[in-house]
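Notes follow once the structure below has been shown.
All ligand and atom numbering here is 1-based and tracks the order in the structure. Hydrogens, waters and symmetry mates play no part in the numbers below; they use all other heavy atoms, side chains included.
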Amino acid sequence: METEKNILPSQLDFYQILAIRGSDFFTEQKKLYKSLEAGVKGEQKVMKYICEYAPPHWTVLQNVWLRDFDRFECDIILLTGNQVYVIEVKNYQGVLVYENGRCFYNTHETSLNPFEQIRTNHLNLKRMCARISPSIDVQATVIFAGDDHEVVMKTPLENVRVVTRNGIRNFILGIVQQENHAIAEHIDHARLLRLFKSCEIDNPYRPAPLSVAEMKHVCPGIYCANCHSFNVQITKFKVICSCGLHESREEAIIRTICDYGVLNYGRPLVRKNLMAFFNGIVSHTYLISICHKYFRVINKGSYTCYVNPGLPYKQINHQFIDVKPRHYYHTNDDLSILGQ
Ligand SMILES: [Zn+2]
């Protein structure tokens, strides 16, 4: 199964760091983070089943923004041997009632209508695929992945399948069976991917890198990688937190540089700004040695700066192969390794 990934920090990456480091100045972003986080958890639930049952020839695209007349985002586009599936994933709580095109969330009418959204995505994708071949079948599904969520369909919905959390596995297995028994024409993944690529746009809601003024509302320093507390003890080799996490100091510094890099993505890492971000808890000499060891130098001399990876440490930690050990979590009678 092929997947494609974005190399810029996602909204979630960006807001996750603000949720930890941001002052009340970023209250809206922190709220948004909660809802994005719930959405991602829902998609992960669906992807778990897809990864478990997908034959190797399937292609899965996640969180794709496309522009074809209108712009739209598809949570998941799944290409099987003979069909295209566009899947919208919601991770709600409470009760959602659908009746004659209107949605009521916990009895209040809501303008956030997932059925309208999937219908629009379905029409857009069908129109796009028809340019390659009018015989490509595009199926639309909305999956409600929330554990404590109830969906009541008071009126039927044409051309859109509604799946709730207990039906995700059977939905995926049904796709596998459909393909095994189908006589439909084989679809050309490479041509479809080229088409999607030609219409792909950047996420229009991706936050811009923070300004100098906004960075003043960001808490500098090292926080615990486990509980996110800033109240950590920094020794020569370790960062120790009362929650039990012992992280190597080197790893904590690289992780912190990556945090800074996400909030300032697209800009090189400037030494004096990094020093300010560590707020005096790391010596200039030690910071330079870490930067030289793990980040590529762009300029030499008094304005030395480094390539900004622009992604959170947890996504790129494989690039820092010399960093040992990873996170060691001590309990009274146990030693376990986190994040592996
Ligand atoms: Zn901790």
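A side-chain hydrogen bond (donor to acceptor under 3.5 Å, both in side chains) with Lys90 is found for exactly one of Glu43, His149, Gln117, namely Gln117. Among Tyr98, Tyr105, Phe115, the single residue meeting the ring pair (Phe, Tyr, Trp, His ring centres under 6.0 Å) criterion with Phe144 is Phe115. When each of Asn231, Thr256, Asp259 is paired with Tyr223, the side-chain hydrogen bond (donor to acceptor under 3.5 Å, both in side chains) condition holds for Asp259 and for no other.
Side-chain contact between Arg131 and Leu195: present, with at least one pair of heavy atoms (C-beta onward) separated by less than 4.5 Å.
A donor-acceptor pair shorter than 3.5 Å cannot be found between the side chains of Thr27 and Asp24.
For the Zn ion (ligand 1), the count of nearby protein N/O/S atoms, taking only those under 2.8 Å, is 4.
Contact detail for Tyr265 and Pro207: the closest heavy-atom pair is OH-O, 2.7 Å.
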